[in-house]
Participant: 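Can you read through this structure? Questions will come right after.
Counting starts at 1 for both ligands and their atoms, in listed order. Heavy-atom basis, side chains included; hydrogens, waters and symmetry copies ignored. Counting from 1, the numbers follow the sequence of the chain as shown.
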Amino acid sequence: MSNELTLRDVADERGVSLGAAIDPDTLRRDPSYWKTASSEFNVLTPENALKMGPLRPSRYAYDFRDADAVVEFGENHDATVRGHTLVWHNQKPDWFQAWEYTPDQLRAFLRDHIHTVVGRYHGRIDAWDVVNEAVADDGSMRKTVWYDALGEEYLADAFRWAREVDPNVDLYYNDYGADEVNEKSDAIYDLLERLLERDVPVDGVGLQLHALGDWPDPDSIAENVRRFNDLGLEVQITEMDVAFHQGEEPEDPLEAQAEYYSEVVEACLEAGCETIVTWGVGDGTSWLRGFKDFGERYTGDPLLFDDRYEPKPAYHAVKDALQD
Ligand code: XIL
């Protein structure tokens, strides 16, 4: 009987949010993708459509079509939507050259961007990754156009501007490589503590959990979740995928992957993190297949569904973990 339930049925039953990153083009042209996305997940994140580059094809125009498509798809299928992301150093518009702005102009630019985008989806997006990847791997503040011009203050401003236009949406800081307790997550902890002490409206922290080759230890993830919770922050797993270093797959890679997915889900739920978003629907459209040299570095089958949207062992393992 339980085999007839979808992952989403099981997640709904358990009160957990289980999600996927969504690409609007694939949604438009691939019925299998559409069906899997709508029936198996109860939270969706536009994979690229809400980033500054895709949203702003020219200096004076916004193009919301792709973002609208994903948000409407979520609404039509009763899924919540995570907004990703307002301030990031990557995927900025091609025409945007930071040095053409004074720091004050850059602040005004960012404020307008946040007001416009958060305002448009007011009440329709449940959580925003307000700032993405502001901390470098060694725990220092990442040197980005925003940081170089505005210093650490850009984070406080960004969260406050988002709060001004949507008093109810949950506002997240999101990053990679900070899933476990480590130097980087320590630095993020300190950064968020500093912001909270100044009453900056941060509600949560997103742990991306791209488990690429080196898989974060589930116990350490749980410990990390707990300490952020103790700080008063929600924690969500926002971009999970699980791959091996090329040439280092174990004998049964799909089983090993399934085992890891279920360990992470169990550890997260136990620790108090109840939203887990995978970074894509099926392996065939995973970003690992096409991003930079990732194809040479990592195996490209990181998700719960295979290239034909058949559920993989990892799918069943997550389902079982949710039913325990
Ligand atoms: C990735 C997308 O999946 C790709 O399609 C795009 O080419 C590059 O960005 N961390 C993030 C995500 O916060 O936005 C990134 O998404 C993956 C890493």
Participant: Protein N/O near ligand 1 N/O, under 3.5 Å, which pairs?
Facilitator:
{"unit_1": "ligand 1", "atom_1": "3 (O)", "unit_2": "Glu47", "atom_2": "OE2", "d": "2.5"}
{"unit_1": "ligand 1", "atom_1": "3 (O)", "unit_2": "Trp279", "atom_2": "NE1", "d": "2.9"}
{"unit_1": "ligand 1", "atom_1": "5 (O)", "unit_2": "Glu47", "atom_2": "OE2", "d": "3.4"}
{"unit_1": "ligand 1", "atom_1": "5 (O)", "unit_2": "Asn48", "atom_2": "ND2", "d": "3.0"}
{"unit_1": "ligand 1", "atom_1": "9 (O)", "unit_2": "Lys51", "atom_2": "NZ", "d": "3.2"}
{"unit_1": "ligand 1", "atom_1": "9 (O)", "unit_2": "Gln91", "atom_2": "OE1", "d": "3.3"}
{"unit_1": "ligand 1", "atom_1": "10 (N)", "unit_2": "Glu133", "atom_2": "OE2", "d": "3.2"}
{"unit_1": "ligand 1", "atom_1": "10 (N)", "unit_2": "Gln208", "atom_2": "OE1", "d": "3.3"}
{"unit_1": "ligand 1", "atom_1": "10 (N)", "unit_2": "Glu239", "atom_2": "OE1", "d": "3.0"}
{"unit_1": "ligand 1", "atom_1": "13 (O)", "unit_2": "His84", "atom_2": "NE2", "d": "3.2"}
{"unit_1": "ligand 1", "atom_1": "13 (O)", "unit_2": "Asn132", "atom_2": "ND2", "d": "2.9"}
{"unit_1": "ligand 1", "atom_1": "13 (O)", "unit_2": "Gln208", "atom_2": "NE2", "d": "3.2"}
{"unit_1": "ligand 1", "atom_1": "13 (O)", "unit_2": "Glu239", "atom_2": "OE1", "d": "3.3"}
{"unit_1": "ligand 1", "atom_1": "13 (O)", "unit_2": "Glu239", "atom_2": "OE2", "d": "2.8"}
{"unit_1": "ligand 1", "atom_1": "14 (O)", "unit_2": "Lys51", "atom_2": "NZ", "d": "2.7"}
{"unit_1": "ligand 1", "atom_1": "14 (O)", "unit_2": "His84", "atom_2": "NE2", "d": "2.6"}
{"unit_1": "ligand 1", "atom_1": "16 (O)", "unit_2": "Lys51", "atom_2": "NZ", "d": "3.3"}
{"unit_1": "ligand 1", "atom_1": "16 (O)", "unit_2": "Trp279", "atom_2": "NE1", "d": "3.3"}

Participant: Applying ring-ring contact (aromatic ring centres under 6.0 Å, His included) between His210 and each of Phe294, Trp287, Tyr298, report the one that passes.
Facilitator: Trp287
Participant: Can you sort out the partners of Glu133 under side chain to side chain donor-acceptor pair (under 3.5 Å), two or more places apart, ordered by chain and number?
Facilitator: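 Scan of Glu133 (side chain to side chain donor-acceptor pair (under 3.5 Å), adjacent residues dropped) gives Trp88, Gln208.
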Participant: What residues, two or more places apart in sequence or in another chain, satisfy salt bridge (charged side-chain N to carboxylate O under 4.0 Å, His left out) together with Asp12?
Facilitator: Arg8
Participant: Under the salt bridge (charged side-chain N to carboxylate O under 4.0 Å, His left out) rule, collect the residues that match up with Arg59, sequence neighbours excluded.
Facilitator: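 Residues passing salt bridge (charged side-chain N to carboxylate O under 4.0 Å, His left out) with Arg59: Glu100.
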Participant: Testing the 3.5 Å rule here: is there a donor-acceptor pair between the side chains of Ser185 and Arg227?
Facilitator: yes
Participant: With Asn174, which of Val131, Val205, Thr238 fulfils side-chain contact (heavy atoms from CB on, under 4.5 Å)?
Facilitator: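 Option passing the side-chain contact (heavy atoms from CB on, under 4.5 Å) with Asn174: Thr238.
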